[in-house]
Asker: 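Take this structure, written in structure tokens, and hold onto it; I'll ask about it next.
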Amino acid sequence: MTANQLLDPIQSPADLRRLDRRQLPQLANELRQFLVDSVSRTGGHLSSNLGTVELTIALHYVFDTPEDRLIWDVGHQCYAHKVLTGRREGMARLRMQGGISGFPKRSESIYDTFGVGHSSTSISAALGMALAAKQKGETRKVVAVIGDGAMSAGMAFEALNNAGVADADMLVILNDNEMSISPPVGALNSILTRLTSSKTYNAAREAGRHMLGFAPPLLELARRAEEHVKGMISPGTLFEEFGFHYYGPIDGHDLDALIPTLENIKKLKGPQFLHVITKKGQGYKLAEADPILYHGVGKFDSSAGIQTGKGGGKLTYTQVFGDWLCDMAAADPRLVGITPAMREGSGMVRFAEQFPDRYFDVGIAEQHAVTFAAGLACEGLKPVVAIYSTFLQRAYDQLIHDVALQNLPVLFAIDRGGLVGADGATHHGSFDLSFLTCIPNMVVMAPADEAECRRMLTTAYTLDRPTAVRYPRGSGPGILPAPQLDALPVGLGETLRQGRNVALLAFGSMVAPALTAGEELDATVANMRFIKPIDADLVEELARNHSLLVSIEENALIGGAGSEVARVLTERGLQTPLIRLGLPDRFIDHGEQSQLLADLGLDAPGIIRTVQHARNPHS
């Protein structure tokens, strides 16, 4: 017998459903150990996936997937789902180029019914699927599993508001893994949940409503009595008001409670809401003790755990921002820091500790974060919004209407600009230069190195208008920033290397590979610094003194920095040929960050090949 005697034969949920229910706890243990071993070898999201093992098993055991639709939100809690749906072997190349995604992906499996990388989309998608089935006359169940953090986004409540009156057969499961809105779960809650989800209870409730319908005052009294009793034992009144039948909270690690409850709910019509309590890192003591550390992990020794505090690593752009934020806050009491639930990822831990009254984590609510910042700016404060490029996309309307249109001094510190690697298409910061540059009143800049990142943050902070400093994931060339807070002249680039014939106009992260390529090509290399306002005089100077210009950016080519270079050439009547290098008009899959850039010709060898081909197109 193998260590995974129950897990190994499972190639699909149909195999899972052939197991005896008494075998499922052992399967959960095997699956959890497999996840620890697998993710420790590949890296990925660990804590959240360990917390959904039993829930995943129960869902596939009770529902007829993929005919019944299952949507995971946030998508990074889907690893157990992937293992049970025929991708156990694929976990060896999780998030690697050519391997399986770390998120649900429709093109990867029929069991991934909706692609989910950003949070809070599942209820909307589930409602669409449920109403589509109804319109086509098809009978199926639709289940949305939404993490409690995702419930902080307005979109989730917009969907609840719609679903409650849409008469759709759907189940929303709140995977509450922080104990954030519920009292501790005990046997009483499980008993009550199974009772209130049972066919007998619901039949009695509907019969009572029918009988008392002839006496509306009595019906209203009965409804209020029911809600009063339920309100004393559960936090479900809010969801009931949206039109859902609420059940829970229930222990999300207790298969003997989960499965009967799901079986009961499966028989019910209309919108249902099940509240389950899970624990991040469940079953792996190290992750239970520090679920944040084990949220997103690199490769590590699963027996020894993640080793921290060794030091010696290069300074990251995120750390540069975190240090600058604390220094500037100490110098200016008007500074306030805002993050939409990304304190650790955005480098704000020290700021939150040192300036707790000036630190605001608004939850997964990017739209609110931006308009909240606008309100602070209206009253004379200096908001700094720390946000990933891919998440700023979700607040584009607020960026335009609430900040830029009113010309408010909000600084956007945009992390993860460009390709981020293993998280793939949903998390690449591919579009920010394009969607920022077209907005009036914006100043947009991208640093070539760590020292310039600090100077740009100071520059942005000193301007009385909307600004954005966009920097990549990870480390830069290693040029340490000076401690002082000094600014750059706005809209001025610099020539870093003087060469002949060819000028490389590099933006942000592309300056380093451009310098390497410039040495090989004997090309002029310019660090453009500003995308808006672009240094038009420097562009003209380079165009007049070189026979070829090459713009290089880690952003979508359409509407990006290269487009600004082309605009300047056109407006000034310059005919110098321009080659634009950047991200192509397609979504870039997951893989090693450096390899993805190399594949796209955005490393030094790729730049050299491009220029050499332009010089000798037939070679």
Side-chain angles (χ1 to χ4, degrees), residues 45 47-48 51-52 55 71-78 103 114 116-127 144-164 172-183 234-242 244 246 248-249 252 273-280 291-292 295-296 336-346 348-349 352 356 359-376 383 385-388 390-399 402 412 415 426-427:
H45 292 93
S47 296
S48 54
T52 58
L55 179 59
I71 305 169
W72 293 96
D73 181 2
V74 179
H76 61 235
Q77 59 181 336
C78 70
F103 300 93
F114 195 75
V116 184
H118 291 182
S119 79
S120 317
T121 59
S122 60
I123 304 175
S124 298
L127 177 60
V145 183
I146 183 166
D148 62 333
M151 285 297 296
S152 64
M155 185 175 178
F157 286 91
E158 293 172 18
L160 287 172
N161 184 58
N162 189 190
V172 175
I173 297 178
L174 171 59
N175 173 28
D176 181 358
N177 53 21
E178 292 287 356
M179 303 289 285
S180 57
I181 61 175
S182 302
S234 78
T237 304
L238 171 65
F239 303 109
E240 292 275 359
E241 291 298 325
F242 274 117
F244 282 75
Y246 171 89
F273 193 102
L274 176 62
H275 183 175
V276 303
I277 303 293
T278 61
K279 184 175 184 179
K280 288 183 178 179
I292 294 176
H295 171 72
V336 291
I338 302 166
T339 176
M342 295 301 297
R343 183 185 69 169
E344 288 78 18
S346 293
M348 298 183 73
V349 173
Y359 165 75
F360 301 96
D361 183 344
V362 302
I364 303 177
E366 295 88 355
Q367 293 170 294
H368 164 60
V370 173
T371 303
F372 172 56
L376 291 165
V385 179
I387 192 167
Y388 287 9
T390 184
F391 299 146
L392 183 57
Q393 295 163 186
R394 310 186 80 185
Y396 194 49
D397 181 70
Q398 288 70 29
L399 176 60
D402 299 337
F412 294 92
D415 206 332
T426 58
H427 284 62

Asker: Would you please indicate if the ring centroids of Phe239 and Phe244 are separated by under 6.0 Å?
Answerer: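 Not under 6.0 Å, so no.
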
Asker: Determine whether Gln398 and His368 make a side-chain contact, defined as any pair of heavy atoms from C-beta on separated by less than 4.5 Å.
Answerer: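 No; the side chains remain at least 4.5 Å from each other.
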
Asker: Any idea which heavy atoms bring Met155 and Ser124 closest together, and the distance?
Answerer: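 Closest pair (atom of Met155, atom of Ser124, distance): CE-OG, 3.7 Å.
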
Asker: Which pair of heavy atoms, one from Met348 and one from Ala386, lies closest together, and at what distance?
Answerer: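 In this case the closest contact between Met348 and Ala386 is SD-CB, 3.6 Å.
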
Asker: Would you say Tyr246 and Leu238 make side-chain contact, with heavy atoms under 4.5 Å?
Answerer: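 No, every pair of side-chain atoms sits at 4.5 Å or beyond.
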
Asker: Evaluate the ring planes of His45 and His295, with Trp represented by its six-membered ring, and classify them as parallel (under 30°), tilted (30 to 60°) or perpendicular (over 60°).
Answerer: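 Answer is perpendicular, since the angle exceeds 60°.
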
Asker: Is the closest side-chain heavy-atom distance between Ser122 and Val116 below 4.5 Å?
Answerer: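 No, every pair of side-chain atoms sits at 4.5 Å or beyond.
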
Asker: At their closest point, which heavy atom of Val385 faces which heavy atom of Ala373, and how far apart are they?
Answerer: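 The answer is CG2-CB, 3.6 Å.
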
Asker: With a 4.5 Å limit on heavy-atom distance, are the side chains of Leu160 and Ile123 in contact?
Answerer: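 They are in side-chain contact.
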
Asker: Side chains of Asn175 and Thr278: do they bring a donor and an acceptor to under 3.5 Å?
Answerer: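 Indeed, the side chains of Asn175 and Thr278 share at least one donor-acceptor pair under 3.5 Å.
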
Asker: For the atom pair OG1 (Thr52) and NE2 (His76), what is the distance rounded to the nearest 0.5 Å?
Answerer: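 Reported value, rounded in 0.5 Å steps: 9.0 Å.
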
Asker: Indicate the atoms forming the closest heavy-atom contact of Ser346 with Asp415, along with that distance.
Answerer: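 Ser346 and Asp415 have their closest heavy atoms at CA-OD2, 4.4 Å.
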
Asker: Where do Ile146 and Ile71 land on the side chain to side chain contact (heavy atoms under 4.5 Å, CB included) test, with the steps shown first?
Answerer: CA-CA 8 Å; Ile146 183 166; Ile71 305 169; over 6 Å; no

Asker: Show the numbers, then the answer: is there a side chain to side chain contact (heavy atoms under 4.5 Å, CB included) between Leu55 and Val145?
Answerer: CA-CA 9 Å; Leu55 179 59; Val145 183; 3.9 Å; yes

Asker: Please report whether the ring centroid of His427 lies less than 6.0 Å from that of Phe391.
Answerer: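 When the ring centroids of Phe391 and His427 are compared, they turn out to be within the sub-6.0 Å range.
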
Asker: Output all residues satisfying salt bridge (Lys or Arg N to Asp or Glu O under 4.0 Å) with Arg343, sequence neighbours left out; order by chain, then residue number.
Answerer: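 Residues passing salt bridge (Lys or Arg N to Asp or Glu O under 4.0 Å) with Arg343: none at all.
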
Asker: Less than 4.5 Å apart, any side-chain heavy atom of Phe114 and any of Trp72?
Answerer: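 No. Closest side-chain heavy atoms not under 4.5 Å.
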
Asker: Would you say that Ile173 contacts Val276 through its side chain, given a criterion of any heavy-atom pair below 4.5 Å between the two side chains?
Answerer: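 Yes, side chains in contact.
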
Asker: Identify the two heavy atoms, one from Gly345 and one from Tyr388, that lie closest to each other, and give their separation to 0.1 Å.
Answerer: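 That closest heavy-atom pairing would be CA-OH, 3.2 Å.
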
Asker: To the nearest 0.5 Å, what is the distance between OG on Ser120 and CD on Glu158?
Answerer: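 Between atom OG of Ser120 and atom CD of Glu158 there are 10.5 Å.
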
Asker: So do Leu392 and Glu366 actually touch side chain to side chain, heavy atoms under 4.5 Å?
Answerer: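 Answer no - side chains too far apart.
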
Asker: Which distance, rounded to the nearest 0.5 Å, do you find between the NE2 of His275 and the CG of Asp176?
Answerer: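 If we round to the nearest 0.5 Å, His275:NE2 and Asp176:CG are 3.5 Å apart.
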
Asker: Walk me through it: do Gln367 and Asp397 pass the test side chain to side chain contact (heavy atoms under 4.5 Å, CB included)?
Answerer: CA-CA 8 Å; Gln367 293 170 294; Asp397 181 70; 5.9 Å; no

Asker: If only side-chain N and O atoms count, and only distance matters, is there a donor-acceptor pair under 3.5 Å linking Asp361 with Thr339?
Answerer: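 Absent: no donor and acceptor within the cut-off.
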
Asker: Do Pro340 and Ile387 have side-chain heavy atoms sitting under 4.5 Å apart?
Answerer: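 A side-chain contact under 4.5 Å exists here.
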
Asker: Does Val370 form a side chain to side chain contact (heavy atoms under 4.5 Å, CB included) with Arg394? I'd like the steps, not just the answer.
Answerer: CA-CA 10 Å; Val370 173; Arg394 310 186 80 185; over 6 Å; no

Asker: Look at the side chain of Ser152 and the backbone N and O of Val362, then say whether any donor-acceptor pair between them is shorter than 3.5 Å.
Answerer: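 Checking the backbone N and O of Val362 against the side chain of Ser152, no donor-acceptor pair under 3.5 Å is found.
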
Asker: Which heavy atom of Ile277 sits nearest to which heavy atom of Pro249, and what is that distance?
Answerer: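 Answer, listing the atom of Ile277 first, then Pro249: CG1-CB, 3.9 Å.
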
Asker: Determine yes or no for a side-chain-to-main-chain donor-acceptor pair under 3.5 angstrom, with Ser119 supplying the side chain and Ala150 the backbone.
Answerer: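 A pair under 3.5 Å: no.
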
